[in-house]
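Chain identifiers are assigned alphabetically (A, B, ...) following the order of the sequence lines, protein sequences preceding nucleic acid strands; residue numbering begins at 1 within each chain.
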There are 2 protein chains.
Amino acid sequence: MTDTPRAWETVLRSIETDLLAGTLAPGDRLPPERQLAAGLSVGRSSVREALRVLEVLGLIRTQTGSGPQAGAIIVATPSGGMSALMRFQVAARGFAVRDVVATRLLLEAAVVTELATSGADLAASTQLLDAMDSPSLTEAEFLALDAQFHVSLAEASGNEVVAAMMAGLRNSIESYVLEAAPEWHSWPATSERLRREHRSILEAIRNTTADLARERVRNHITTYYSESRLTPDSAIT
Amino acid sequence: MTDTPRAWETVLRSIETDLLAGTLAPGDRLPPERQLAAGLSVGRSSVREALRVLEVLGLIRTQTGSGPQAGAIIVATPSGGMSALMRFQVAARGFAVRDVVATRLLLEAAVVTELATSGADLAASTQLLDAMDSPSLTEAEFLALDAQFHVSLAEASGNEVVAAMMAGLRNSIESYVLEAAPEWHSWPATSERLRREHRSILEAIRNTTADLARERVRNHITTYYSESRLTPDSAIT
DNA sequence: GTCTCCGTGTGGTCAGACCACACAGAGATC
DNA sequence: GATCTCTGTGTGGTCTGACCACACGGAGAC
């Protein structure tokens, strides 16, 4: 009943407190592991367990050596953590692939609706589409740009939470997509279709026709996963 | 260029592989740390760093002692990991509270739309509402049930990914809500209003009036966070 | 047959040691 | 004086060994 927290939880809570208090902010360096351990009266291994968690969550970046770039630095890049979380949950069957796809559809529909309504800056997304026109791209490279394009839409909406979720959702089933890719009927035809659909989505957004953009996103994504033989059914909204 | 993975990454990848291969499944026990270390030719501390990550991500549960319940067991409970991730990202300003609220609104609107359309089982949600009618509840207890109610809606939609996200979003700003709670004008009046709004949302779902349910959710959430002085603006959709 | 106790295996933690690495400054070289 | 080289130093990364707390389960006492 005394509820003794484990040592590494103490470290985690201490860092969280410093973050909330503003003592620690993105760009700052954490104290060296040995010093952190001494300051909290825990072993260095406990500190390391806590730092490992923070690293996977995308909160810090560690680097060996000396100098200003060495050590643990607060970075707060959520997409990495979101990807790791979802990838493992899919692997452990905590998340069904069907739900991942449905959630992606849900989020992306909301994103394009917002973009069509608010008229945000789509320069980054447009640039990615141009890059995808290069005929020298391999299949994997093309799909990577494809993923970036969809994330860029979420970023353009200005909602970092949604952007991170989109990245995580995509990454979590990336291996499944790549696995299924060889089964696509014809890669040149598929990539051509994907490019066309991307441009039509952007066009609908620019014309501020939210319903049309949403409809096109819906078709785009369901077709995509259907060809990958990933259950396209049961999409919320 | 040799790209030597760190020892704990080796452990993580090994476990992920076993999960994907089906060698490891929810309910299974991981090998003891010492044995795992020997099998992968890494130190026990590296194994522990990997297990710590998996624990925070909600993939395993560890317990001391001996017997069938001791050790690390695969559980795959994503909400815990989602909560930790979002809580730290909010603390480190990777996520703006505004975006968290906007995302919650987005997801919940989609959830009630789905529920109103598909006619899912709402018994669990109804039961939580009844529990919230008890006059002996403290403020914190009431708010905990409140959070559970909203998560239960997401669960009723059958999408575990969305349910985990809802739980994570809510937990990540829970501390802010509790902080602001004392500033509410009148607790009895507030709780009464919340109860009323909850029931009206469920009613709209039962009547399969999706638009109405969405509208009521929107009002419910924006009012809620507005009273908590948490930026209610800029909600996608 | 029941109760008690202790062996055993598990995670949790700590301390110490060593390695690889990267920077910074001292010193050598031109 | 400017440049190059080298070594010291501080950092994370890892391993080993040791000890603790805990919970189960069977051996032994009653």
Tell me which nucleotide among D:dG12, D:dC22, C:dC14 gets nearest to the side chain of B:T64.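 Side chain of B:T64 sits closest to D:dC22.
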Select one nucleotide: of C:dG12, D:dC15, C:dG11, the one nearest the side-chain heavy atoms of B:P32. C:dG11
Taking every non-hydrogen atom, the tightest pair across A:S14 and A:L40: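 What the structure gives for the nearest pair is OG-CD2, 3.9 Å.
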Taking all non-hydrogen atoms of both residues, which atom of B:A120 and which atom of B:A156 are closest, and how far apart? CB-O, 3.4 Å
Side chain [X] and base [N] donor-acceptor under 3.5 Å:
{"X": "B:R44", "N": "C:dG12", "result": "yes"}
{"X": "B:R6", "N": "D:dG12", "result": "no"}
{"X": "B:R34", "N": "C:dG9", "result": "no"}

B:F149 and B:H198 aromatic ring geometry - parallel, tilted or perpendicular at 30°/60° bounds: tilted
Nearest-nucleotide wise, let me know which of A:S45 and A:P68 is further upstream toward the 5' end of DNA chain C. A:S45
DNA chain C: A:W8 or A:Q63, which has the more 5' nearest nucleotide? A:W8
Sugar-phosphate only, base, or nothing, as touched by [X] at under 4.0 Å among non-hydrogen atoms:
{"X": "A:G65", "value": "base"}
{"X": "B:S41", "value": "sugar-phosphate"}
{"X": "B:A7", "value": "sugar-phosphate"}
{"X": "A:T62", "value": "sugar-phosphate"}

Given atom [atom1] of [X] and atom [atom2] of [N], what is their separation to the nearest angstrom?
{"X": "B:L30", "N": "C:dG12", "atom1": "CG", "atom2": "C1'", "result": "17 Å"}
{"X": "A:Q69", "N": "C:dC21", "atom1": "CD", "atom2": "P", "result": "18 Å"}
{"X": "A:R61", "N": "C:dA22", "atom1": "CZ", "atom2": "P", "result": "13 Å"}
{"X": "A:L51", "N": "D:dG12", "atom1": "CG", "atom2": "C1'", "result": "10 Å"}
{"X": "B:L36", "N": "C:dG11", "atom1": "CG", "atom2": "C1'", "result": "13 Å"}
{"X": "B:L54", "N": "C:dG11", "atom1": "CG", "atom2": "C1'", "result": "15 Å"}
{"X": "A:E33", "N": "C:dA17", "atom1": "CD", "atom2": "C1'", "result": "15 Å"}
{"X": "A:E49", "N": "D:dG13", "atom1": "CD", "atom2": "P", "result": "14 Å"}

Do side-chain atoms of A:R195 reach the backbone of A:M132 as a donor and acceptor pair under 3.5 angstrom? yes
Sidechain-backbone polar pair: A:D99 side chain, A:A96 backbone, donor-acceptor under 3.5 Å: no
Are OP1 or OP2 of D:dG25 and a side-chain N or O of B:S66 less than 4.0 angstrom apart? no
